[in-house]
Amino acid sequence: MDVSALMGDDEQLASVLVTHAHLDHFRSLGENVVDGAPVLASAPTAAVLEESLSENERNDRATGDVEGALDALEPVTGWRTLLGDDAVRVHPVPAGHAPGAAGFVIQFRDDGVARHLLVTGDFTRTQTAGYPALPDSLPVDVEAMIVNVATADEYERRLQETLETTLARVLDDDTTLLTGGSLTGVHLARLLAAAASRFSLDVPIRLVGQPAKLYDALSLPTDRVELTPEYADPAAVLDSGAVTIAAPETPVDGGAKRLFKAIEGDADAALVQATTGALDPVTGAACRTDAFEVRAHPTEGVVDGVVEGYDPLHVVVGHEKGSALDAYKDKYAAFVWANQDAIEQTLYADGEWQAPPWVSERAEEYVYGNTATTGGTPLADDAAAVDASLPAVEAGDVLLHAEGIDVTRLGERFGSASSGDATAGADAEGSEDLSTVLARLEEIEALLAARGVLDDRVPVTVDEFGDRTVLVLPEGVDVDDADDVHVFLDDE
C-alpha cells in the first residue's frame, strides 16, 4: 500500500483506520502514516498492535517507521472526529473474525443531514473469543457499504473439528501442541476454556510465546488458562494430558518449531494445526498430527444476507480479486462497485449520491426504487438518532453457540468423559438434565441480547416435576403458540 500515491498535491491524510491486527492488514502501516494523521483502531485491536507491530518489526515482517505508527496509534471506543466540527467522524463496531476486530461507521454531515457509510473490514456473523459479531443492523441508516467479501464455506465445521480433536487428544492423556496464528491461539484458548467449563473437563490450557502476550494485552479472563510468554526449556511448558498453544500456524519456525521438535518423536504426543491454508501442514511425525483450515470468514450466503439486510444504495466490494470479485457485479439492488481499476470515482457530491457513470437511467431508477435508505438523517429533527449508541467492541463471556460451535454434539462426545461429579452430558435415555437446560437458556438469552434481537430480557426459571422439565415464564408473559417456543429453542 502507498497512501501518498493516492492523494493529490492539495490533499492530506486525515486518518488511517485499522480494522484488526492480522499481519496482512498492518504490515506496511509504518510506511503510510503521513501528514501527522492518527492511526485509529478499536481499543482491543490497538492493545494488540502495541505488541504485534514491534514483534513483527523484529522479525522483519512489519515495514517502515513502526515507532512512528505506534506513536500515532489511538484506541477508539466511541465517536472520533476527523474533520471540522463533527463534519466527518468515525465509530468502531464489532466485526467478529478476530479478537478485537472492528468495522467502522463513517458519518459525514452535509447541509443539515447526516450520512453514514459502513466499512465492514473482514467479518463474521459469529462471535470470536467472546467479541461480538458484525451486527445485522445499526441504529443509523447505512447508505453505503464497503464490504469485504472473502468467504469460507466450512469455517464453523473446521473450527468444531479443531476444538473436538484437541479435547480428544488431551483427554487421551497425550502431550498436545496446538498451533495457529497468534490471535487464532487466543480464540482457541477461550473456546477450550469455555468447553472445559461447560462439561467439567480436566483440560489444562497453556498459552506460550506471542499468543500469551496478546491474551494478556487483551486482559482476557485467565480462569483455566495459564500464560507463559517466555520460556527457556520446551519441556517446562509441555505436559501429558494438557494442551500447549503456540504460534505460528504450522511449526516450521518460531516457538512452535521448538515445541514440535520436543514432541515429534513421541507416539504419546499430538500436534493439532489450525491453519489458514497459506502453508502446508506438518505431517509424517511419530506423534499424531492433524490439520484443519480455519479461516474466519462468512459464507457467500451470509455476505448476501448482510448486504441485503442493510439495504445500502452503494456497495463497494473488496478483499477479493478475479472471478471471485466479478461474481458480485450487479448482484444486489444497489450500485455495486466490484472492480480493481485505479480510476477515482465519486460516490457523493452536491448533496446527492452519484450513480456510477456506466449505469443506464433505467438501471438507476431500479436501484433507487428498491433501496430504502437514501435520505440521510436530518440533524435538527432527529439528532438523538444520529448520535445513537452503537455496539461496543468489547469481550464478553464466550457463548459456544454464538461462536458457531455445535454444543449438543460436544455434549454427546464429551459429556460422559468429564471428571468429578459432572452431569452436563445426556443421560441414558437421551434427555438433558436440569443444569444443561439452564446453561442453554442462559446462553440463548445472552446470544439474542448480543444480536440485538432481545429488546427486553424475559427471565425464565426451570423447575423439575418428576421426569419432566418445565419452563416457567413470569406472570403476564403470554406464549400463544407452543410451536414458536419449540422452534426458537431449536434454532438457537
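- The environment of CD in Glu361 is sparse: at most 12 heavy-atom neighbours from other residues, nucleotides or ligands sit within 6.0 Å.
- Heavy atoms only, all atoms of each residue included: Ala247 and Gly181 are closest at CB-C, 4.3 Å.
- With a 4.5 Å cut-off on side-chain heavy atoms, Leu218 and Pro99 count as touching.
- Interatomic distance, CZ of Arg61 versus OG of Ser52, reported as 10.0 Å (0.5 Å rounding).
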Which atom pairs, donor and acceptor, lie under 3.5 Å between side-chain atoms of residues 41-51 and protein residues at least two apart or in another chain?
residue: Ser42; atom: OG; partner: Thr45; partner atom: N; Å: 3.3
residue: Ser42; atom: OG; partner: Thr45; partner atom: OG1; Å: 3.2
residue: Ser42; atom: OG; partner: Gly100; partner atom: O; Å: 2.7
residue: Thr45; atom: OG1; partner: Gly100; partner atom: O; Å: 2.6

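- What you find for Ala95 and Gly103 is that their closest heavy atoms are CB-N, 3.7 Å.
- His22 is listed as a side-chain neighbour of Leu183, based on a closest heavy-atom distance under 4.5 Å.
- Here the CD atom belonging to Gln273 is positioned 12.0 Å from the OG1 atom belonging to Thr165, to the nearest 0.5 angstrom.
- Distance check, rounded to the nearest 0.5 Å: CE of Met145 to CG of Leu117 gives 10.5 Å.
- Across all non-hydrogen atoms, the minimal contact from Ala334 to Pro312 is CB-O, 3.4 Å.
- Rounded to the nearest 0.5 angstrom, His314 NE2 and Gln354 CD are separated by 7.5 Å.
- Side-chain atoms of Tyr215 do not come within 3.5 Å of backbone N or O of Thr222 as any donor-acceptor pair.
- Side-chain contact check for Val317 versus Val315: some heavy-atom pair is nearer than 4.5 Å.
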What do the steps show when you test Tyr332 against Asp311 for side-chain hydrogen bond (donor to acceptor under 3.5 Å, both in side chains), and what is the final call?
-> CA-CA 9 Å; Tyr332 307 114; Asp311 191 25; over 6 Å; no

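- No donor-acceptor distance shorter than 3.5 angstrom exists from the side chain of Thr19 to the backbone of Gly121, with no hydrogens or angles considered.
- You'll find the side chain of Val66 stays beyond 4.5 Å of the side chain of Phe26, heavy atoms only.
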Just do the side-chain contact (heavy atoms from CB on, under 4.5 Å) check on Leu82 and Ile106 with the steps written out, would you?
-> CA-CA 10 Å; Leu82 298 184; Ile106 301 176; 5.9 Å; no

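- A donor-acceptor pair under 3.5 Å is formed between the side chain of Glu249 and the backbone N or O of Thr276.
- The aromatic rings of Phe335 and Tyr368 lie perpendicular to each other, with more than 60° between the two planes, well past the 30° mark.
- Between Leu347 and Val316 there is a side-chain heavy-atom pair separated by less than 4.5 Å.
- Taking each heavy atom of Val367 and Ala333 in turn, the nearest pair found is CG1-O, 4.1 Å.
- At most 12 non-hydrogen atoms from other residues, nucleotides or ligands lie less than 6.0 angstrom from CG of Asp397.
- With contacts defined as side-chain heavy-atom distances shorter than 4.5 Å, the pair His20/His97 qualifies.
- The salt bridge (charged side-chain N to carboxylate O under 4.0 Å, His left out) analysis of residues 24-45, with sequence neighbours excluded, yields no pairs.
- Minimum heavy-atom separation, Ala274 to Thr184: CB-CG2, 4.2 Å.
- Looking at residues two or more places apart in sequence or on another chain, you find a salt bridge (Lys or Arg N to Asp or Glu O under 4.0 Å) between Asp326 and Lys329.
- Sequence neighbours left out, not one pair with a member in residues 214-225 passes salt bridge (charged side-chain N to carboxylate O under 4.0 Å, His left out).
- Using a cut-off of 4.0 Å between Lys/Arg side-chain N and Asp/Glu carboxylate O, Arg157 and Glu154 are scored as salt-bridged.
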Checking side-chain hydrogen bond (donor to acceptor under 3.5 Å, both in side chains) for the pair Thr120/Asn148: CA distance, chi angles, key distance, verdict?
-> CA-CA 6 Å; Thr120 68; Asn148 284 14; 4.6 Å; no

Take Tyr348 and Asp110 through the test side-chain hydrogen bond (donor to acceptor under 3.5 Å, both in side chains) and record every step on the way to the result.
-> CA-CA 10 Å; Tyr348 183 92; Asp110 183 35; 2.7 Å; yes

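- Asn59 CG: more than 12 foreign heavy atoms inside a 6.0 Å radius.
- The aromatic rings of Trp79 and His116 lie tilted to each other, with the angle between the two planes from 30° to 60°.
- One finds the CG atom of Asp60 at 11.5 Å from the CZ atom of Arg58 (value rounded to the nearest 0.5 Å).
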Assess whether side-chain hydrogen bond (donor to acceptor under 3.5 Å, both in side chains) is satisfied between Gln160 and Glu164, documenting all intermediate values.
-> CA-CA 6 Å; Gln160 178 98 19; Glu164 288 187 11; 2.9 Å; yes

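- In this structure the side chain of Glu320 reaches within 4.5 angstrom of the side chain of Val149, judged on heavy atoms.
- The CG atom of Leu400 sits 10.5 Å away from atom CG of Asp406, with the distance rounded to the nearest 0.5 Å.
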Residues Val93, Val393; criterion side-chain contact (heavy atoms from CB on, under 4.5 Å); working and verdict = CA-CA 6 Å; Val93 293; Val393 187; 5.6 Å; no

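- Residues Gln345 and Trp337 have side chains that never bring a donor and an acceptor to within less than 3.5 angstrom of each other.
- Smallest separation of non-hydrogen atoms from Thr124 and Gly96: OG1-CA, 3.4 Å.
- Surrounding CG of Asp2 are more than 12 heavy atoms belonging to other residues, nucleotides or ligands, all under 6.0 Å away.
- Residues Thr228 and Leu207 form no side-chain contact, since every pair of their non-hydrogen atoms from C-beta on lies 4.5 Å or further apart.
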Run the side-chain donor-acceptor check on residues 186-194: report pairs under 3.5 Å with partners two or more places apart or on a different chain.
residue: His187; atom: NE2; partner: Glu403; partner atom: OE1; Å: 2.9
residue: Arg190; atom: NH1; partner: Ala129; partner atom: O; Å: 2.8
residue: Arg190; atom: NH1; partner: Gly396; partner atom: O; Å: 3.2

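- Within the structure, the side chain to side chain donor-acceptor pair (under 3.5 Å) test picks out the following pairs touching residues 293-302 (sequence neighbours left out): Glu300-Lys331.
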